[in-house]
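Note that the structure is predicted; figures quoted are calculated from it, not measured.
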Amino acid sequence: MKYMHKAIWQSDGNLVIRGNSRALLFRALEDLRADLVGRGDDAEPLQRTLAALQEVLGAYDGRLPSATELLGDPVKQRVAQNLLRG
């Protein structure tokens, strides 16, 4: 997995999320929203929660990277780990 910035708690209670960790948060929300679209009324409470969270966070500035771009290719990582064990 690629390096991810850690969230930082500030003394006033705010949480600062930087760089690729921020992008990962928005990617997770987008992927969850896309998954919930096909679930119908069963997912309505979770859709409302996501909508409220999106309103608080705002929009991601720029192009949202894919999960593979953010985390790395899992197949390549397994191959590399197997080569190291070799």
Side-chain angles (χ1 to χ4, degrees):
M1 187 166 90
K2 293 184 177 182
Y3 173 77
M4 300 300 287
H5 291 100
K6 299 232 181 226
I8 301 169
W9 284 102
Q10 295 182 327
S11 59
D12 61 1
N14 289 330
L15 181 65
V16 177
I17 303 173
R18 304 178 320 186
N20 52 4
S21 296
R22 184 173 179 270
L24 184 63
L25 173 64
F26 278 92
R27 169 52 49 205
L29 292 173
E30 185 63 32
D31 291 349
L32 182 57
R33 184 178 299 107
D35 185 57
L36 290 176
V37 167
R39 295 190 184 204
D41 292 338
D42 293 340
E44 194 271 331
L46 189 52
Q47 288 174 341
R48 289 182 49 219
T49 303
L50 276 176
L53 184 58
Q54 184 68 49
E55 187 176 321
V56 170
L57 292 174
Y60 186 77
D61 49 336
R63 183 187 75 82
L64 188 58
S66 70
T68 302
E69 291 171 329
L70 289 168
L71 300 173
D73 185 2
V75 174
K76 286 183 181 179
Q77 288 178 353
R78 278 195 302 270
V79 169
Q81 287 173 349
N82 287 339
L83 289 174
L84 287 175
R85 289 182 193 155

If you define the side chain from C-beta out and look only at heavy atoms, does anything of D61 sit under 4.5 Å from R22?
yes
Same cluster or not: L32 versus L53, using hydrophobic residues (I, L, V, M, F, W, Y) connected whenever any side-chain heavy atoms lie under 4.5 Å apart?
yes
CZ of R33 to CG of D31, rounded to nearest 0.5 Å, is 10.0 Å
Do Y60 and Q54 come close enough that some side-chain heavy atom pair is under 4.5 Å?
no
Any side-chain heavy-atom pair from L24 and I17 closer than 4.5 angstrom?
no
same_hphob_cluster(L50, L64) at 4.5 Å side-chain heavy-atom cutoff:
yes
Can any side-chain N or O of Q10 pair as donor or acceptor with the backbone N or O of V16 at less than 3.5 Å?
no
Distance from D42 atom CG to L36 atom CG, nearest 0.5 Å?
10.5 Å
Rounded to the nearest 0.5 Å, how far apart are CZ of R39 and CD of E44?
14.5 Å
Kindly work out whether a path of hydrophobic side-chain contacts (I/L/V/M/F/W/Y, heavy atoms less than 4.5 Å apart) joins L29 to V37.
no
Is any side-chain heavy atom of R78 less than 4.5 Å from a side-chain heavy atom of V75?
yes
Is it the case that one hydrophobic cluster holds both L25 and W9, taking links as side-chain heavy atoms less than 4.5 Å apart, direct or via other members?
yes
Would you mind reporting whether R27 and E69 have side-chain heavy atoms less than 4.5 Å apart?
no
